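This one's a predicted model, so the numbers in the text were calculated from it and none came from an experiment. As a basis for the values below, the full set of heavy atoms in this structure was taken, side chains included, without hydrogen atoms, waters or symmetry mates. Lettering follows sequence order; numbering is per chain, from 1.
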Amino acid sequence: MDPINTNHSVDMRVTIGDLQLGNPVMTASGTFGYGREFASLVDLNRLGAIIVKGISQEPRPGNPPPRIIETACGMLNAIGLENVGVERFITDKLPYLQQFDTPVIVNVLGESIDDYANLAARLERVEGIAAVEVNISCPNVRKGGVAFGTDATMAAAVTSAVRQQTRLPVIVKLSPNVTDVCAIARAVEDAGADAVSLINTLLGMSIDIKTRKPRLANVVGGLSGPAIKPVALRMVWQTAKAVAIPVIGIGGIGTTEDALEFLMAGATAVQVGTANFYHPTSVMDIVDGLEQYVHEQGMASVRAVINSLQV
Amino acid sequence: MDPINTNHSVDMRVTIGDLQLGNPVMTASGTFGYGREFASLVDLNRLGAIIVKGISQEPRPGNPPPRIIETACGMLNAIGLENVGVERFITDKLPYLQQFDTPVIVNVLGESIDDYANLAARLERVEGIAAVEVNISCPNVRKGGVAFGTDATMAAAVTSAVRQQTRLPVIVKLSPNVTDVCAIARAVEDAGADAVSLINTLLGMSIDIKTRKPRLANVVGGLSGPAIKPVALRMVWQTAKAVAIPVIGIGGIGTTEDALEFLMAGATAVQVGTANFYHPTSVMDIVDGLEQYVHEQGMASVRAVINSLQV
Amino acid sequence: MTEFQEKSTITLRETLTPEVIRLTLKAPKIAAAAKPGQFVMARTGEGLDPLLRRPFSIHRVHSDGTLAILFKIIGKGTRLMAEMNPGTALSLIGPLGKGFNLDPQGPFCMIGGGMGIAPLYFLAQTFRQSEYRENNQPVLLGSQTQAELLLLAEEFSELGYSVLTATDDGTLGHQGFVTELLDEILRKIKQVYVCGPIPMMRTVALKCRDAGIACQVSLETHMACGLGACLGCTFPATGGGYKHVCKDGPVLSADEVIWTL
Amino acid sequence: MTEFQEKSTITLRETLTPEVIRLTLKAPKIAAAAKPGQFVMARTGEGLDPLLRRPFSIHRVHSDGTLAILFKIIGKGTRLMAEMNPGTALSLIGPLGKGFNLDPQGPFCMIGGGMGIAPLYFLAQTFRQSEYRENNQPVLLGSQTQAELLLLAEEFSELGYSVLTATDDGTLGHQGFVTELLDEILRKIKQVYVCGPIPMMRTVALKCRDAGIACQVSLETHMACGLGACLGCTFPATGGGYKHVCKDGPVLSADEVIWTL
Ligand SMILES: Cc1cc2nc3c(=O)[nH]c(=O)nc-3n(C[C@H](O)[C@H](O)[C@H](O)COP(=O)(O)OP(=O)(O)OC[C@H]3O[C@@H](n4cnc5c(N)ncnc54)[C@H](O)[C@@H]3O)c2cc1C
Ligand SMILES: Cc1cc2nc3c(=O)[nH]c(=O)nc-3n(C[C@H](O)[C@H](O)[C@H](O)COP(=O)(O)OP(=O)(O)OC[C@H]3O[C@@H](n4cnc5c(N)ncnc54)[C@H](O)[C@@H]3O)c2cc1C
Ligand SMILES: Cc1cc2nc3c(=O)[nH]c(=O)nc-3n(C[C@H](O)[C@H](O)[C@H](O)COP(=O)(O)O)c2cc1C
Ligand SMILES: Cc1cc2nc3c(=O)[nH]c(=O)nc-3n(C[C@H](O)[C@H](O)[C@H](O)COP(=O)(O)O)c2cc1C
Ligand code: FES
Ligand code: FES
């Protein structure tokens, strides 16, 4: 599990707000558990950052099964934001991650502005958290998620509430289920976000024609994986032109080529999601691949790739 | 090319406004040319309806190449609405189609409300047109398309303009690139649409990392094919609950199972798009397959499938 | 617990019926670490469709670093795998999950229905090498028809087990449910190991509960990761909430889950 | 024009180089109707990834209802096809497009670069059976290195053509561009047939224009349908607008298109 090209002395650092990352490859929330689940397959020290499963104030049991369904080059999930809650996260999950050099970013979710503010305040008092990613976009929970992420005013309100409670870098994670993602991105930028990450999942559905029932117990779920990559890349490109803060690209990234597309489109960093499931070592392959690309192109740093698209 | 089950006497008819179709399987605009292109592979008489390539008042040369790119289980297109214009459509393309029993639906597009109104008025005076499908959703042309389809007021304005010029059934084709497709659907229903069809393509993008240029000359294009099916199905299901007029399902349909999912979700009919490219006989396979399904289930008519989802 | 990702190579392909295939795969790290009841996640090809890995019980383990999986063709993933020939590479992750409790505390019985038979063979193999190596322990195997059962029944017999079979069509053994064979055995045993369709496992679980006998079930749910990360593989747990089949299972004590599903 | 959709079967697989494969396919309807310069759209597998069919020139046609395609491994579609063995089914649609003008009006020359050689062999075959069956007509073939050229050059020779070769590395024939071989021939001929990379075809097109010689080019563009329906396969046309390569071509007169691309 050693990097293929340890001899490259390539500058892979990127900066998100006050946070400096060793490289631009992170794990997307909800697809890498609390890190430990991948420890025997992935060298956690080699990641740019680890973003953990979305955390709420109280533990949540999540939705009834079935929760996941495969679709053409993608998958639908309706996990229902199952998580251990912020207190158990701090006591049971975080200590393990603190033994690594890799920054830990906590994805937070709530059903009210207060929820978000309280979570931010609670995490502010904890050592070893590098940033907060605010999930305003999860489509699986009826209250909360959808409304915040699809309305610029609400999105801004959540952002300022979190901003007021923490000095940590605040990344706001945007929903793709909107007419104008740039408007939302600008709103959260104005409200004090240090960065935006996108996209979260596209709202989708699947039906079992044998039973004539939805395949997911929750009826609708979030579409992720290679299928959504073109939509994600378009939104990242549009958003990177619309805001001055860093943009983190997410959606269907599984290879070095995918990651390069997002960086060229203007992303400062990327998150790997569904690919962690079907190819758990892809995060490391992408770190190696980017390093090799930067080296081969004779670039001074990976930062030279960012926004290098010629339109 | 005979149907597999000619002996089934199955009632496959469905009704869209005043228009009765022999079966619920149509070809999606822009994916079946003007019909003739498929004549040696598909028995045009067996289709529920043929929807031709979008027509504008004047001929349009379309976008420069490259115009199409394959993506994971999908494709991006930026054809740029190339078409022969309404007059040459009437003189050169329509007569061929009139020799078949199959209803011909004309997909229209414009850059102003007047364009749409004029096209509707022009087609109203022509024999052999069964309905008009109003494309307010094409993402490829900077003016027109995007704005009409993503704003309820504008969408309604186009719909009433067309409505006032024609007694033909008016189908309004909706864009998926919106926060709330139901709001747009209700607006065009109130403005006099006889039916809505959805979804048009999702706006996407792809980058050639070798050249660092967009793969499509137009930079962004429309994503279609199996990749988008879950999103399309979700929108059709939501829309069918939101409006009283028939909903026509489109998006990634390539098999009988796909078509059944859309009918169960509330679609009165379906359109087959990208599948015409990779499997040109799929429209006929789906007609056969639906017939067989209705027969095997002992249903009185295919209409019993519509909206049969148990949530 | 340590999982490995191995690029395994198919060394043997056996066609038990046109629908049931057994693949033997060279995967030395996984084979060495595997315990009965654990599973692997297999990638069914290079492409992105099918996207997700497929879970398969570890069916046999051999001392030459190979392991076998036994599967039925269900959909597109298993169809692709069924067409693979020796020499083909198959990416595996494993061994995954919590296997069977290997201390039955006395006489035991294994019950397998359909492809649920797969993990039981590895369990049977393992008991042969343990203190529970007495002959003629009962093994109940059920399927629709004899074709997919013949070879497997013989293989359990060869290990020294006393095999009883049941088929839906009566072509082999008892005609009817394999669970019907359990009644006479129940009072002689302390522990049941069962894997098969949910209705079958429920029947066995309830019979064991009534008889006060321990029952271990091996569950199936849709899985995206097999690693405990996606939280997709839930099964309702006794006392509220959910078990995650890939981590808490696939083998669970029957009383840990709710059988009303 | 009538197109057919045929489930063809691979009857022969030849490996010209590790990267260049020739498949012979039983597709009697398409083979019977095919004309030189036409192409087929091939589905590369059963799954949805890759989604679109791939276009390939018809390389040879045989009287037993088979045809051959010759291709290089480029991406995932051709990689899948390269692994297919005799007996495998491959869905083909064809024959598609407008082929070569079969009346060269006098002595002619064929020029093929890389896989552009594929359609020229069918053309060469056809001329053998026409009034243009004189021996020693020039055929210029170019590639990076000798490996992919050796067998093909021999096959053209066997048909009675006078083959000149060029390779980038000089391992066979002239070292350099195949277009450099054209100059001495130009004044002896009335028509050029060319297929290969765009820069090569442009060079040939311009030389022919300057020499006042007719030039037919066989173009490549991305194609979704091959049937004239998607309007994706455009090439800028002289005098404005676009040619649709699948319907107006793939063979066009060099002066019908703009070579500044
Ligand atoms: C722990 C575990 C062990 C298993 N062991 C075996 C075994 O030894 N032999 C065997 O034949 N089968 C076994 N299965 C079931 C096997 O995983 C499915 O038959 C297989 O995934 C079907 O894939 P497909 O592509 O052919 O079907 P598709 O229906 O095309 O698959 C679509 C999706 O549904 C999932 N899926 C479909 N059926 C099942 C199922 N029954 N269980 C879980 N996921 C499913 C697939 O993994 C995939 O994500 C096991 C399942 C689990 C969870
Ligand atoms: C009329 C015509 C005839 C052709 N004849 C031959 C032939 O005889 N031998 C041969 O080796 N190649 C031929 N080609 C090129 C061949 O179609 C491509 O090499 C092939 O499609 C690559 O597919 P892939 O999946 O391996 O590559 P990928 O790059 O993975 O393909 C991705 C997409 O791009 C398209 N694409 C990639 N390269 C090309 C290309 N050069 N031309 C058109 N589309 C491309 C693919 O069709 C697919 O849609 C021909 C192309 C055309 C248009
Ligand atoms: C099973 C699953 C669980 C997820 N859970 C979360 C979550 O808790 N919080 C969040 O912000 N995003 C969550 N996501 C969204 C991903 O982080 C990511 O934005 C999305 O999947 C798109 O990226 P991908 O295509 O690479 O998977 C989840 C996605 C999946 C597939
Ligand atoms: C190449 C191409 C051209 C299209 N042209 C049009 C068009 O002219 N008018 C229109 O309303 N939709 C057009 N569409 C959209 C399709 O009609 C359809 O809504 C979309 O492709 C989704 O369906 P599918 O996934 O089955 O392809 C086009 C789609 C493709 C792929
Ligand atoms: S399969 Fe992902 S958590 Fe169990
Ligand atoms: S490839 Fe579709 S029109 Fe030419």
With a 4.5 angstrom heavy-atom cut-off, which part of [X] approaches chain A: side chain, backbone, both or neither?
{"X": "B:Tyr293", "answer": "side chain"}
{"X": "B:Leu223", "answer": "side chain"}
{"X": "B:Ala232", "answer": "neither"}
{"X": "B:Leu76", "answer": "side chain"}
{"X": "B:Thr71", "answer": "side chain"}

Max heavy-atom pair count under 4.5 Å with chain B, selected residue of [options]:
{"options": "A:Gly204, A:Cys73, A:Pro230, A:Ala227", "answer": "A:Pro230"}
{"options": "A:Asp180, A:Ile69, A:Val231", "answer": "A:Val231"}
{"options": "A:Gln297, A:Lys213, A:Glu261, A:Met235", "answer": "A:Glu261"}

Exercise for review: Taking heavy atoms only and a threshold strictly under 4.5 Å, list by residue number the residues of residues 302-311 of chain B that touch chain A; give 'none' if the list is empty.
Suggested key: B:Ser308, B:Leu309, B:Gln310, B:Val311
Check your understanding: For A:Thr179, does its backbone N or O pair with a side-chain atom of B:Thr179 as donor and acceptor, under 3.5 Å?
Key -> yes
Check your understanding: Got B:Ile207 and A:Trp237 here, is their nearest side-chain heavy-atom distance under 4.5 Å?
Key -> no
Revision key, fill the gap. Value for NZ (A:Lys229) from CE (B:Met205), rounded to nearest 0.5 Å, stands at 11.5 Å
Study note, to complete from the structure: d(A:Leu263 CG, B:Arg212 CZ) to nearest 0.5 Å is 11.0 Å
Check your understanding: For B:Arg234 and A:Asn177, what are the C-alpha separation, side-chain angles and deciding distance, and is it a side chain to side chain contact (heavy atoms under 4.5 Å, CB included)?
Key -> CA-CA 12 Å; B:Arg234 184 264 299 180; A:Asn177 302 298; 3.8 Å; yes
Point to revise | Closest non-hydrogen atom pair between B:Met264 and A:Ile209, with its separation | key: CE-O, 3.6 Å
